[in-house]
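Values below: every heavy atom of this structure, side chains too, minus hydrogens, waters and symmetry copies. Keep in mind the model is a prediction, meaning the values are calculated, not measured. Chain naming here is simple, since letters A, B, ... match the order of the sequence lines and numbering starts at 1 in each.
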2 protein chains.
Amino acid sequence: MMFPDTAAQNGPLNLNSKDHAQHEHSHGLFGPPGLLALPEPSSDNEGRQIPRKKQKRRLSREPGEDGDDRTREHPFIVTEPGEVARGKKNGLDYLFDLYEQCARFLDEVQQMARERGEKCPTKVTNQVFRHAKLKGASYINKPKMRHYVHCYALHCLDKDKSNFLRKQFKERGENVGAWRQACYFPLVDMARDNGWDIEGVFVRNEKLRIWYVPTKLRQLCHFEKSKDSDSCSYE
Amino acid sequence: MMFPDTAAQNGPLNLNSKDHAQHEHSHGLFGPPGLLALPEPSSDNEGRQIPRKKQKRRLSREPGEDGDDRTREHPFIVTEPGEVARGKKNGLDYLFDLYEQCARFLDEVQQMARERGEKCPTKVTNQVFRHAKLKGASYINKPKMRHYVHCYALHCLDKDKSNFLRKQFKERGENVGAWRQACYFPLVDMARDNGWDIEGVFVRNEKLRIWYVPTKLRQLCHFEKSKDSDSCSYE
DNA sequence: GTTTAATCCAATGGTTCCAA
DNA sequence: GTTTAAACCAATGGTTAGAA
């Protein structure tokens, strides 16, 4: 059971950041200390939604609307380790750094929960994403993070293989989607080597255990496992 | 870190059972083995509700309704260890046995989940309660089990203290509610002895770690903790 | 009054569907 | 076409209001 090296890249990961990037978490342990209310719990509970009128999915911005430029994040491109994406693109070191940022946001949420005597999440939950937004990390969102978890998993579990894959896919000029798909298969191999316990593979890794195993990866493992045992039974 | 003895009582715990009681879980590993469907997951997934018209809370049974006698369970009374409740009552050994039954139902759900490559619960979840119902254990339900978890916790963590409390409250002729309230305080003491980590107290115990820490107990611990630290600061 | 358990409800994990 | 992320939705943990 080895822990992959945790040394972080120190160079700028994102040249094109819209003023966000690596803001340090210098705030102390905030929140009012006087919270003895047993019958009425703290209620200051990380901005949970006040029940509001259900809002219909907005269909394309009306041309006359006020232009607060809520542009979306630049797309990822396949970069090799250490390489910074140029143009309106983000690189994979930056992608992986977002996962480490989430880990720090989870730490903060856990601290707060413990101080308040509330139940303490062990995983990156909706609450953590909400907290990240509140702390200004508007570039972090659930669908994005869930989409690439298994890529980050490979990065955590076998950095060499991960780095090799990145170089290979960059050379071939493959797009991010192709690289992302390719990340599944080394993980399936690792699951096989661990008695198909992909859950366990995640939980045993210090950095990974805060992430839910993606459904697709679990299903892939299940599928491959049954193929394996079939080929034992017949011929 | 000690594991309290796990020897089960063998005598009948419930003389008044309406045909349920201790049915053995002799069924093997059921479910069709041919479930290779990756894109379409098994869908046989333990009877999740088909979206149905919302049903209003029924206000008192209409006198003309067909009388399928869905009577409810007999109330618990405070019994001492080994004592069987007489009359239309259930004893506390029987109550604690329900928790052990839930643990076995969780085991079954976990088995099934692993076979199907689905995510595997570590706690007694809604799914487990649903499974228990499906297996005929209609006498198990979520509100009841949640209501008495901390009583079971004391039984698991300090059987002597738990037994003593039962005898004491029985002698005094206290009702179940009073006994239940009294169970909180030894647990708060144990939390104190463990750096106020009540979550940890639960998780470190083999039988308890499948149960969520009750909100009330967590709040009580938090409250007592802050009282303790206050009395350090002033005078 | 005490005790049980159906019902409700906001917040969740997970995904779809669309905008860019 | 690819990629992003707002919005959705069924199922959850937790509780309330009520029945026995």
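With rounding to whole Å, B:N126 atom CG is found 14 Å from C:dA10 atom C1'. Look at OH on A:Y94: it is 15 Å from C1' on D:dT3, rounded to the nearest Å. Atoms CG (B:L92) and C1' (C:dT3) sit 13 Å apart, rounded to a whole Å. Atom CG in A:N90 sits about 15 Å away from atom C1' in D:dA5, given to the nearest Å. Look at CD on B:E73: it is 12 Å from C1' on C:dT3, rounded to the nearest Å. If you measure from atom CD of B:E118 to atom P of C:dG14, you get 13 Å, rounded to the nearest angstrom. When the C1' atom of D:dT3 is taken as reference, atom NZ of A:K89 falls 9 Å away, rounded to whole Å. Distance, B:E174 CD to C:dG1 P: 17 Å, rounded to whole Å.
Each of D:dG13, D:dT15, D:dA6 was ranked by its minimum atom distance to the side chain of A:K133; first place goes to D:dA6. Side-chain proximity of B:Y212 to the nucleotides D:dT3, D:dG13, D:dA11 is greatest for D:dG13. Taking only side-chain atoms of A:F76, from C-beta outward, the nucleotide of D:dT4, C:dT15, C:dG14 with the closest atom is D:dT4. Side-chain proximity of A:K119 to D:dG13, C:dT4, C:dT15: nearest is D:dG13. Listed nucleotides D:dG14, C:dT3, D:dA6 differ in distance to B:K142; the shortest reach to its side chain belongs to D:dG14. For B:V176, taking side-chain heavy atoms from C-beta onward, the closest of the listed nucleotides D:dG14, C:dT15, C:dT3 is C:dT3. If you check D:dT3, C:dT12, D:dT15 against the side chain of A:P75, the one that comes closest is D:dT3.
Note: B:W179 and B:F96 have tilted aromatic rings, judged against thresholds of 30 and 60 degrees for the angle between ring planes. Ring geometry for A:Y99 versus A:Y152: interplanar angle under 30°, hence parallel rather than tilted (30 to 60°).
OP1 or OP2 of D:dT12 sits under 4.0 Å from a side-chain N or O of B:R130. Contact annotation: A:N141 side-chain N/O to D:dA5 OP1/OP2 distance is under 4.0 Å. The phosphate of C:dT4 has neither OP1 nor OP2 within less than 4.0 Å of any side-chain N or O from B:K144. Applying the 4.0 Å criterion to OP1 and OP2 of D:dT15, one finds that B:T215 has a side-chain N or O inside that range. Within the structure, a side-chain polar atom (N or O) of B:Y148 is placed less than 4.0 Å from OP1 or OP2 of C:dT4.
Summarising the base pairing, D:dA19 is matched to C:dT3 through a Watson-Crick or G-U wobble pair whose two defining distances lie under 3.5 Å. With both pairing distances under 3.5 Å, D:dG14 is matched to C:dC8 as a Watson-Crick or G-U wobble pair. Of the nucleotides present, C:dT16 is the one that pairs with D:dA6 by Watson-Crick or G-U wobble criteria, both distances under 3.5 Å.
Interatomic distance, A:L92 CG to A:E80 CD, rounded to the nearest 0.5 Å: 10.5 Å.
Under a cutoff of 6.0 Å and an axis angle of 45°, B:K123 and B:Y212 form a cation-pi pair.
Using a 4.5 Å heavy-atom cutoff, the side chains of B:E100 and B:R104 are in contact. A 4.5 Å side-chain heavy-atom check between B:F129 and B:R146 finds at least one atom pair inside the cut-off. In this structure the side chain of B:Y148 reaches within 4.5 angstrom of the side chain of B:V176, judged on heavy atoms. In this structure, A:Y139 and A:Q101 have side chains that are in contact, with non-hydrogen atoms separated by less than 4.5 Å.
In this structure a side-chain-to-backbone donor-acceptor pair under 3.5 Å is missing from A:K89 to A:H74.
Contacts between residues 177-188 of chain A and DNA chain D, defined by a heavy-atom separation below 4.0 Å, involve A:G177, listed by number.
Residues A:H147 and B:T125 each lie close to DNA chain D; by heavy-atom proximity, the contact nearer the 5' end of the strand is made by A:H147.
Not a single donor-acceptor pair, N or O on each side, falls under 3.5 Å between the base of C:dT15 and the side chain of A:R146. Checked by distance alone, A:R72 brings no side-chain donor or acceptor within 3.5 Å of a matching partner on the base of D:dA5.
Within 4.0 Å of B:K123, counting heavy atoms only, lies no atom of the nucleic acid at all.
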